Amino acid sequence: MEPGTRLGRDFYIRDVLEVAPELPGKILVTRGTDGSFIRSQITEVEAYRGTDDLACHASKGRTARTEVMFSKGGHLYVYLVYGMHWMLNIVTGAENDPQAVLIRGLSDCAGPGKLTRLLGIDRSFNGEDLVNSKRIWVEDSGFKPECKTGFRIGIDYAGEYWKTRPWRFFL
DNA sequence: TCAGTGATTAGG
DNA sequence: CTAATCACTGAG
């Protein structure tokens with residue numbers, strides 16, 4: 001794919017374990033307060049996969065908050081944690097197959113709560129569609145990175161098995 | 001190491 | 001209605 005091309009629906013409607021390792025290296029495009037575009041390289045993500053995954057919010061069932069995870073891939077799932085940090089997630093997979101990728105780091109900002117503050121991402125982005133949004137999308141970089149993997153962070157409540165899935169991907 | 005902070009959820 | 005929980009961060 002050409003660098004600078006916006007990723008389309010087909011990229012996102014695959015299984016989260018195919019999509020997540022391909023996101024590091026790609027370019028997240030957002031708009032600054034002055035309307036200019038901000039381009040950041042994604043450096044770290046985590047996969048959350050389905051109702052069986054005890055670390056995935058969808059394992060608690062379909063609720064008002066998790067509803068968007070049940071939509072088709074390409075939409076955003078944005079929620080507040082610890083009363084102050086917005087988490088930016090990209091929904092993946094087919095409709096009714098709740099999965100998402102948490103964006104944990106950008107080239108110029110490490111930390112999932114810090115990067116949303118930097119980019120001004122809040123509740124109003126929940127449900128946004130990356131395929132046709134005018135204010136946020138992902139572009140291909142023409143760069144195929146080798147991802148390292150690790151355990152997901154901050155999910156001790158999910159139990160030994162889910163805690164040790166190597167579903168964190170980073171450059 | 002640990003407090004801050006408020007939406008979300010389950011339960012009475 | 002109440003109370004517990006939380007995919008984090010920054011200060012000490």
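Just so we're on the same page: letters track the sequence lines, and every chain starts at 1. Computed from a predicted structure; not experimentally measured.
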Chemist: In terms of side-chain heavy atoms of A:Y77, which of B:dT9, B:dA7, C:dA7 is nearest?
Modeler: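 Nearest to the side chain of A:Y77 among the choices is C:dA7.
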Chemist: With a 4.0 Å cutoff (strictly under), does any side-chain N or O of A:R168 reach OP1 or OP2 of C:dA7?
Modeler: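 The answer is no; no side-chain N or O of A:R168 sits under 4.0 Å from OP1 or OP2.
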Chemist: Between A:Y82 and C:dT5, does any side-chain N or O lie under 4.0 Å from OP1 or OP2?
Modeler: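 For C:dT5, neither OP1 nor OP2 has a side-chain N or O of A:Y82 closer than 4.0 Å.
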Chemist: Quick one: does any side-chain atom of A:T66 pair with a main-chain N or O of A:G61 as donor and acceptor, under 3.5 Å?
Modeler: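 Yes: the side chain of A:T66 pairs with the backbone of A:G61.
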Chemist: When only distance counts, do a donor and an acceptor, one from the side chain of A:H85 and one from the base of C:dA7, lie under 3.5 Å apart?
Modeler: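 Result: no qualifying N/O pair found.
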Chemist: Treating A:R9 as the side-chain partner and A:G73 as the backbone partner, does any N or O pair qualify as donor plus acceptor under 3.5 Å?
Modeler: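 Here the side-chain-to-backbone pair exists.
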Chemist: Taking any heavy-atom pair under 4.0 Å as a contact, classify A:G113: base, sugar-phosphate, or nothing.
Modeler: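 If one applies the 4.0 Å heavy-atom cut-off, A:G113 turns out to touch the sugar-phosphate alone, with no base involved.
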Chemist: Classify the nucleic acid contact of A:L102 as base, sugar-phosphate or nothing, counting any heavy atom under 4.0 Å across all strands shown.
Modeler: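 Base contact.
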Chemist: Mind calculating the distance between CD (A:E67) and C1' (B:dT8) to the nearest angstrom?
Modeler: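 Atom CD in A:E67 sits about 15 Å away from atom C1' in B:dT8.
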Chemist: Do side-chain atoms of A:S133 reach the backbone of A:E128 as a donor and acceptor pair under 3.5 angstrom?
Modeler: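 No: the side chain of A:S133 does not pair with the backbone of A:E128.
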Chemist: How many whole angstroms separate atom CH2 of A:W86 from atom C1' of C:dC6?
Modeler: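 To the nearest whole Å, that distance equals 14 Å.
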Chemist: Once you apply the 3.5 Å cut-off to both distances, tell me the Watson-Crick or G-U wobble partner of B:dT5, or none.
Modeler: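 In the structure as shown, B:dT5 has no Watson-Crick or wobble partner.
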Chemist: For A:R152, which contact category applies under a 4.0 Å heavy-atom criterion: base, sugar-phosphate, or nothing?
Modeler: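 No contact.
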Chemist: So which nucleotide from B:dA7, C:dA7, B:dT5 ends up closest to the side chain of A:R123?
Modeler: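 When the side chain of A:R123 is considered, B:dA7 is the closest of B:dA7, C:dA7, B:dT5.
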Chemist: Stacking between C:dA7 and A:Y48, yes or no? Criterion: centroid separation under 5.5 angstrom, plane angle under 30 degrees.
Modeler: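 Here A:Y48 meets both the 5.5 Å and the 30° conditions.
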Chemist: Regarding A:M84, tell me which of base, sugar-phosphate or nothing describes its non-hydrogen contacts under 4.0 Å with the strands shown.
Modeler: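 A:M84: base contact, heavy atoms under 4.0 Å.
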Chemist: How many whole angstroms separate atom CD of A:E44 from atom P of C:dA7?
Modeler: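 Nearest whole value for this atom pair: 16 Å.
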Chemist: Does A:Y48 have A:R152 sitting over its ring (NZ/CZ under 6.0 Å from centre, angle to axis within 45°)?
Modeler: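 Yes, cation above the ring, under 6.0 Å and within 45°.
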Chemist: For A:R65 and B:dA10, give me the distance from atom CZ to atom P, rounded to whole Å.
Modeler: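 Atom CZ in A:R65 sits about 10 Å away from atom P in B:dA10.
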Chemist: Report the base-pairing partner of B:dG11 (Watson-Crick or G-U wobble, both distances below 3.5 angstrom), or none.
Modeler: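 Looking at the geometry, B:dG11 pairs with C:dC1.
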Chemist: Over how many whole Å does the gap from A:K114 atom NZ to C:dA11 atom C1' extend?
Modeler: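 That distance rounds to 13 Å.
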Chemist: Expressed in angstrom and rounded to an integer, what is the separation of A:H57 atom NE2 from C:dC6 atom C1'?
Modeler: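 So the NE2-C1' distance, A:H57 to C:dC6, works out to 7 Å.
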Chemist: Quickly work out the A:R104 CZ to C:dT9 C1' distance and round it to whole Å.
Modeler: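 Rounded to whole Å, this separation is 11 Å.
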Chemist: Does A:R14 reach the main-chain N or O of A:F11 with its side chain, forming a donor-acceptor pair under 3.5 Å?
Modeler: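 Answer holds: yes.
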Chemist: Can you tell me how far C1' of B:dT8 sits from CE of A:M69, to the nearest Å?
Modeler: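 In whole Å, B:dT8 C1' lies 15 Å from A:M69 CE.
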